[in-house]
Structure formats: structure tokens, C-alpha cells
Amino acid sequence: MRIFSGVKPTGHPTLGNLLGAMQRWARIDQFRSDDPGDALFCVVDLHALTVPHEPAALRERTREVATLLLATGLDPERCTVFCQSHVAAHTRLTWIMESVVGDGELRRMVQYKEKSARQESVSTALLTYPALMAADILAYGAEEVPVGDDQRQHVELARDLAVRFNTRYGEVFPVPRAVRPPAGARVMNLQVPTDKMGKSDDTAVQGIIYLLDPPDSARRKVMRAVTDGGREVVYDPEAKPGVANLLDILSACGDGTEPAELATRYASYGALKSDVADAVVAVLEPLQARYREFADDPATIDKILRAGADRASALADPYVSAAYDAIGLLPPR
Ligand code: TYM
């Protein structure tokens, strides 16, 4: 079975990215067969072009995200780590996806609605973003897509497009499904616990833990997290979103004990926060140590990304050729 997932190099990656996705990818990788083509993890740099950006910052973020992926423990001998723009199959298949998706479907995507409402001028790429994301997944015939909750709607659309394409033009694509982590699928902002902890947010930055935050600063952010009325530690995301978020984070940083079970161990918010801060720092410190090792050796990162792109291209080309053929395009030779 093949797995594909990606992370966008906009803003600095957060604890939400780690707990909802990246940490899980590294765990999947450790339990896999030895075929590195079975699991592909991509820095989706083309997706970063959908919102206004600085070219130099994009280059930096792309390296940072690639380095963080390796620092989480992804092993390039056991999976494929690469940059989206290095593999032409993604954009070649996007056009095919755009021809099968309706513009109404794209306009209904929650992320499009939210992001377009925040911007003065909206690029066409922001609207067609989910077609590129479907192409990312379908180009590899991926069946499982491990993502946080905020990406589930996009994966559902990729699923619909795979079925639609297969029905219209013949079976080409396996139908993918989103896989959510057991805990941490929706990490919330520590200051505004009804909002997602997002890396490109410019509001409530004190509520965002960045993976490269100095441990002291991450600890402070947890200790200052907004909690809810009352004093009792219970897991109730509706009534007590702040406390529930802390319990979710503790669960995802620890051994996966259910948040409701964790709640029974605490008599005060203060004790809970202090354990959450310890758990977060215990995850960040080794990650940052590995990050620094890799960051000192950019040539190795480049080599890994090049080899990853070669392998990814070889895996994607047959799917793209089959789709071009099925839809009626004449083969080039
Ligand atoms: P991106 O870069 O926003 O996020 C990368 C991954 O992190 C997860 N995530 C979270 N999980 C829990 N809590 C949070 N607060 C949180 N914030 C982010 C996301 O769900 C995601 O799994 N469009 C995608 C990237 C993408 C992709 C793909 C993913 C492009 N093509 C194909 C899967 C398959 C995105 O912007 O993720």
C-alpha cells in the first residue's frame, strides 16, 4: 500500500503540523517495509505560491521544512522525501484534475473561503489549490493520506475526483482516503482555543508553538495558555476548549493515553500546564538537536531531495501517462 502526504513551506512549522501530521509520518516510516517507494513525504512548495510570498523566504522555508522532516526521524532509505516542484508529474496531472473538477466544488472548500476572505486580491491558484493537491496524491496512486483534520475536506475531494475520472475514462487511480492521527488531529491556538494553531496566522502568535521555538519560550507559551472557567480538569472540547486542547497536546506528545483518562490525573490547571510544558519540551529538544545537525550539512539535504525527486518521478510517470492516454491525449511517441 502506498502513502503520500505533504507540508507547505509557508510560515514556520508548528506543533500542530508535528502532532497532526509529521510525527505520525515518522512513526509510519518506522513500521514499514523496506521499499522506500511505499511512503512519500513532500515539501509542497508549489502550494506556497497560492498566497503572496517573498521568493527568498520561500527558498529558506523550503529548506527549513525539508530539514525538519528529516529531523522528525523520516529515514530517506525507507521513504521518499522530496520537493513538489522537482517532479513535473504534479503540474502535468493538475491540468487533468482541473478538467474534471467543477468550479463550484472548488469555491465550496472551507480553506478557500477562509483564505480568500482575508485577502484583497485572490490568485486563481488559491482557487485551484485542491486540484493540485488531488494531483499530488493521485500521481502516486496513493491509498492512504495521513493528515490533520483541516485537510480532510481536500482529501475527500481528491477521492471524488479519482472516482469521477475512473468512471468517465477507465480505471487509472486507486481511491485515496484520509487517515487521522489518534491524538493531535486538531491542535488549537493556545490563546484562542477555538481557532486552529496555524503556521501562517499573524494573530495570537503567543498561542502558536513553533517547532524551532527555544524550549523556554515554548514552555512560557504553554504556561500562559488560556484556560476556561471553573477549576476542574475535565475533557470537554465544547465547554472547555482550552483545557481540552492542553489534554490533546499531552496525549499526542506522550504515550497516546486518551485525553479523558489523562484529565482524571489532575486536580488543578497549574499542574496540567506544567506537565504539558514538560511534554512539549521533551518532544522539541531532541527534534531541534537533530535539526541543527542536518542544518549544518545542507549538501546532504540537497542530495536527499534530489534522490527523492528521481524516485518520485519514476513512480508518478506511469500514472500520469495512463491518465493522459485514458483521457484521449495522443502519446508523444
Ligand atoms: P499544511 O502545510 O497546512 O499542514 C501540514 C500538515 O499538518 C496538519 N496540520 C495540523 N494538524 C493538527 N493541528 C493543527 N493545528 C494543524 N495544522 C496543520 C495538516 O492537516 C497537514 O496534514 N494542503 C496541505 C498540504 C498538501 C497535502 C497534499 C497534504 C498539499 N498536497 C497532498 C496531503 C496530501 C497543507 O497545506 O498542509
Side-chain angles (χ1 to χ4, degrees), residues 2-26 28 39-51 61-62 64-66 68-69 72 82-85 87 89-91 93-94 97 109-112 114-115 125-126 128-159 161-162 176-190 192-201 204 207-211 241 245 248-249 251-253 312 316:
R2 186 162 287 162
I3 293 175
F4 179 94
S5 203
V7 55
K8 203 165 57 227
T10 44
H12 298 286
T14 70
L15 189 66
N17 296 124
L18 184 71
L19 301 183
M22 291 157 69
Q23 164 177 280
R24 176 124 178 103
W25 304 345
I28 293 169
L40 298 108
F41 301 109
C42 185
V43 184
V44 288
D45 49 357
L46 295 172
H47 276 95
L49 306 183
T50 56
V51 288
R61 291 295 98 78
T62 303
E64 181 181 317
V65 171
L68 275 167
L69 280 180
T72 61
F82 67 106
C83 271
Q84 185 185 33
S85 64
V87 177
H90 295 253
T91 45
L93 193 56
T94 299
M97 291 298 124
M109 291 289 120
V110 172
Q111 283 210 345
Y112 174 71
E114 285 174 0
K115 288 193 180 166
L126 187 65
T128 58
Y129 179 120
L132 174 60
M133 182 158 158
D136 297 339
I137 299 167
L138 302 185
Y140 300 96
E143 288 148 281
E144 287 199 349
V145 186
V147 286
D149 277 354
D150 62 325
Q151 293 301 320
R152 290 179 73 83
Q153 192 187 30
H154 290 154
V155 181
E156 285 296 314
L157 183 65
R159 198 182 160 81
L161 298 184
R177 64 185 186 94
V179 187
R180 76 198 293 268
R186 191 166 176 78
V187 177
M188 308 306 268
N189 185 297
L190 297 172
V192 191
T194 44
D195 286 357
K196 184 186 78 167
M197 186 186 283
K199 58 173 135 52
S200 15
D201 286 356
I208 303 173
I209 296 182
Y210 294 103
L211 296 181
N245 189 35
D248 276 328
I249 293 173
S251 171
C253 287

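Bear in mind that the values here come from a model prediction, so they are computed numbers and not experimental data. Numbering of ligands and ligand atoms starts at 1, following listing order.
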With a 3.5 Å distance limit and no angle check, can you tell me whether [X] reaches the backbone of [Y] through a side-chain donor-acceptor pair?
{"X": "Asn189", "Y": "Ala204", "result": "yes"}
{"X": "Arg24", "Y": "Pro146", "result": "no"}
{"X": "Gln153", "Y": "Val110", "result": "yes"}

- Near ligand 1 (heavy atom, under 4.0 angstrom), the protein residues are Phe4, Ser5, Gly6, Val7, Lys8, Gly16, Asn17, Gly20, Ala21, Val44, His47, Tyr129, Met133, Asp136, Ile137, Val145, Val147, Gly148, Asp150, Gln151, Gly184, Ala185, Arg186, Val187, Lys196, Met197, Lys199
Sequence-distant partners of [X], side chain to side chain contact (heavy atoms under 4.5 Å, CB included), two or more places apart:
{"X": "Glu156", "answer": "Arg159"}
{"X": "Leu49", "answer": "Leu46, His53, Leu58"}
{"X": "Arg152", "answer": "Asp149, Ala178, Arg180"}

